Amino acid sequence: MRIVKLTATSKENLLQDLLKRSPNHYGQYEETVAAIVEDVKKNGDSALFSYTEQFDHCKIDASCIRVSAAEIEEAYAKVDAAFVETMKKSARNIRRFHEKQLQNSWFDAQEDGTILGVKITPIQTAGVYAPGGRAAYPSSVLMNVIPAKVAKVGRIILATPPDREGKVTPGTLVAAHIAGVDEIYKMGGAQAIAAMAFGTQSVPKVDKITGPGNIFVALAKKACFGYVGIDSIAGPSEILVIADGTANPRFVAADLLSQAEHDELASAILVTTSEELANAVLRETQKMTEKLSRKEIIRKSLENYGYILLVDSLLEAVEAANDIASEHLEILTKDPYAVMTKIKNAGAIFLGEYSSEPLGDYFAGPNHVLPTNGTARFFSPLNVDDFCKKTSVISYSRDALSKACPDIATFAENEGLTAHANSVKIRFE
């Protein structure tokens with residue numbers, strides 16, 4: 001981790017450095033992913049099962065690709081009972097938060113017989129991807145599935161890779177059951193995304209795919225976008241902390257490390273007005289890292305994408321935060337709410353020293369599927385609206401259309417679309 005005085009040049013270099021982590025910069029894998037997607041699209045189950053054997057070293061066929069009720073029961077027996085209860089508490093918080101996002105269809109009727117409105121309909125089938133093995137995160141299963149359940153999606157399927165014995169990570173199965181998944185399929189990687197996007201003999205075609213994954217999963221989602229909806233092309237995790245001299249350096253260091261441990265491409269950035277805090281945080285990160293289980297990953301993350309940026313004012317810190325548009329933004333200042341009002345670009349904002357980022361990852365309720373790599377400038381967290389469609393509704397009476405007819409005809413004729421004009425005028429001949 002390095003301490004850098006923030007200038008126009010250092011900020012530009014930082015932004016360019018962070019952008020290198022985007023899945024859009026891994027074009028060398030796109031050809032491989034495209035071939036897998038096309039193979040599964042054309043050959044269905046046979047391609048899916050072949051790739052599962054090749055990449056996951058597990059033989060799966062139509063008789064066992066779907067997780068059974070007995071396997072879910074077995075998973076409950078393997079997961080600590082206290083953890084099961086924690087997942088249930090978290091699920092309740094997530095559901096309660098997302099229920100507040102629900103919108104109703106609406107219609108606006110005018111005296112002249114005009115009725116305009118929006119009809120809100122949940123998508124029919126959603127597909128959620130959940131990584132397996134060491135990258136298995138039950139919390140992500142809850143975060144992806146529960147908004148779809150709240151939106152009343154008709155059918156929710158989950159794809160997750162099997163191990164060599166054909167088993168699925170128990171925590172993933174328990175989380176999926178708690179969240180209310182309808183069907184779980186043993187498949188992973190780009191082949192699983194393609195199977196959900198196009199359907200196979202054993203796997204239903206879905207309307208939208210959400211959920212995290214490695215670079216092959218991310219690129220497969222990108223390749224299938226347009227055939228199905230997707231949540232986003234997620235990049236590595238990131239955190240930015242705005243802090244002044246009142247912040248506790250141990251808290252700041254701990255929060256930075258909480259994201260650096262995700263992977264070597266994770267980014268952890270402190271923007272501060274206090275050089276004293278900057279030096280204290282640097283010392284604390286070095287001390288804490290030695291005691292953590294993923295210290296090798298943390299070291300590489302901080303070496304490549306860890307920064308402490310010194311600024312002259314909190315306004316300058318806010319400007320930097322808005323330019324970086326971080327996935328997670330913590331504000332540890334004397335008046336965090338005043339700073340928060342000036343933030344325009346962030347996936348999630350955490351206010352005050354008792355609102356550390358893992359609170360959002362696991363328990364508070366707001367979704368932890370967030371925009372990364374600066375996409376918080378135009379993307380939002382995963383939410384109930386991601387699983388709904390909005391359809392415009394238009395109804396005019398004869399009187400209302402007669403008043404609009406000249407304007408519609410004028411517009412159409414000026415665009416050279418006389419059939420459009422005729423479609424309206426013919427009703428009054």
Side-chain angles (χ1 to χ4, degrees), residues 23 67 72 75 79 83-84 86-95 97-98 126-151 153 156-162 168-189 192-193 196 206 208-218 220-221 230-239 258-259 261-263 265-266 294 327-328 347-348 357-373 375 379-384 386-387:
V67 171
I72 294 173
V79 177
F83 184 32
V84 173
T86 293
M87 281 195 271
K88 289 179 179 178
K89 289 180 186 177
S90 178
R92 286 195 291 271
N93 292 342
I94 296 166
R95 187 172 293 107
F97 178 84
H98 287 82
V128 172
Y129 186 84
R134 292 177 61 189
Y137 299 117
S139 58
S140 287
V141 175
L142 299 179
M143 292 288 182
N144 279 272
V145 174
I146 291 174
K149 291 295 289 186
V150 170
V153 171
I156 303 171
I157 74 167
L158 183 132
T160 188
V168 172
T169 306
T172 297
L173 289 186
V174 172
H177 184 260
I178 290 171
V181 165
D182 296 298
E183 301 156 35
I184 305 170
Y185 292 87
K186 301 173 186 176
M187 56 184 186
I193 301 300
M196 291 191 287
V206 305
K208 186 161 191 172
I209 299 172
T210 69
N214 62 19
I215 189 63
F216 294 97
V217 169
K221 287 166 72 176
I230 62 171
D231 49 355
S232 64
I233 311 295
S237 187
E238 54 201 27
I239 185 171
S258 74
Q259 292 309 291
E261 77 170 344
H262 269 295
D263 64 63
L265 293 176
R294 297 167 71 93
E327 177 188 16
H328 306 101
E357 187 279 334
L359 175 66
D361 275 349
Y362 297 120
F363 200 73
N367 211 288
H368 79 198
V369 180
L370 302 167
T372 59
N373 274 109
T375 59
F379 277 144
S380 304
L382 189 70
N383 61 83
V384 170
D386 284 303
F387 298 97

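This one's a predicted model, so the numbers in the text were calculated from it and none came from an experiment.
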Taken in chain and number order and not counting sequence neighbours, the residues that satisfy salt bridge (charged side-chain N to carboxylate O under 4.0 Å, His left out) with K208 are D386
Between the CD1 atom in I184 and the OG1 atom in T172, the distance rounded to the nearest 0.5 Å is 9.0 Å
So OG1 of T160 and OH of Y185: to nearest 0.5 Å the spacing works out to 14.0 Å
Q) So V128 and V141, side-chain contact (heavy atoms from CB on, under 4.5 Å) or not? Walk me through it. A) CA-CA 8 Å; V128 172; V141 175; 5.7 Å; no
### Task
Say whether, by atom type as modelled, one donor and one acceptor occur between the side chain of D182 and the main chain of I157 under 3.5 angstrom.
no
Minimal heavy-atom distance between P138 and A175, with the atoms involved, is O-CB, 3.6 Å
Check whether any side-chain heavy atom of T210 lies under 4.5 Å from a side-chain heavy atom of V369, and answer yes or no.
no
Under the 3.5 angstrom rule, does the side chain of N367 hit a backbone N or O of N383 as a donor-acceptor pair? no
So CD of E183 and CG of L158: to nearest 0.5 Å the spacing works out to 11.0 Å
Residues G132 and P161: closest non-hydrogen pair is N-CG, 3.5 Å
Exercise for review: Determine yes or no for a side-chain-to-main-chain donor-acceptor pair under 3.5 angstrom, with K221 supplying the side chain and G211 the backbone.
Suggested key: yes
d(F379 CZ, I233 CD1) to nearest 0.5 Å is 8.0 Å
Sorted by chain and residue number, the side-chain contact (heavy atoms from CB on, under 4.5 Å) partners of A159 (sequence neighbours excluded) come out as Y129, M187, A192, M196
The reported gap from CD in E238 to CG in L370 (rounded to nearest 0.5 angstrom) is 9.5 Å
In this structure, OH of Y362 is separated from CG of L142 (nearest 0.5 Å) by 11.5 Å
(Q) When you compare the side chain of Y137 with that of H262, does any pair of heavy atoms fall below 4.5 Å? (A) yes
Here the pair of heavy atoms bringing A151 nearest to V384 is CB-CG1, 3.8 Å
E357 meets the side-chain contact (heavy atoms from CB on, under 4.5 Å) criterion, sequence neighbours left out, with I239, S258, Q259, H328, E330, F350, D361
For G360 and M143 the tightest heavy-atom approach is O-CE, 3.6 Å
Closest heavy-atom pair, A179 versus K149, reported as atoms and distance to 0.1 Å, is O-CG, 3.3 Å
Tightest non-hydrogen contact, residues H368 and S140, listed as NE2-OG, 2.9 Å
Quiz item: Does the R95 side chain pair with the main chain of I146, one donor and one acceptor, at a distance under 3.5 Å?
Solution: no
Check whether any side-chain heavy atom of D231 lies under 4.5 Å from a side-chain heavy atom of N144, and answer yes or no.
yes
From CA spacing to verdict: side-chain contact (heavy atoms from CB on, under 4.5 Å), V150, F387: CA-CA 9 Å; V150 170; F387 298 97; over 6 Å; no
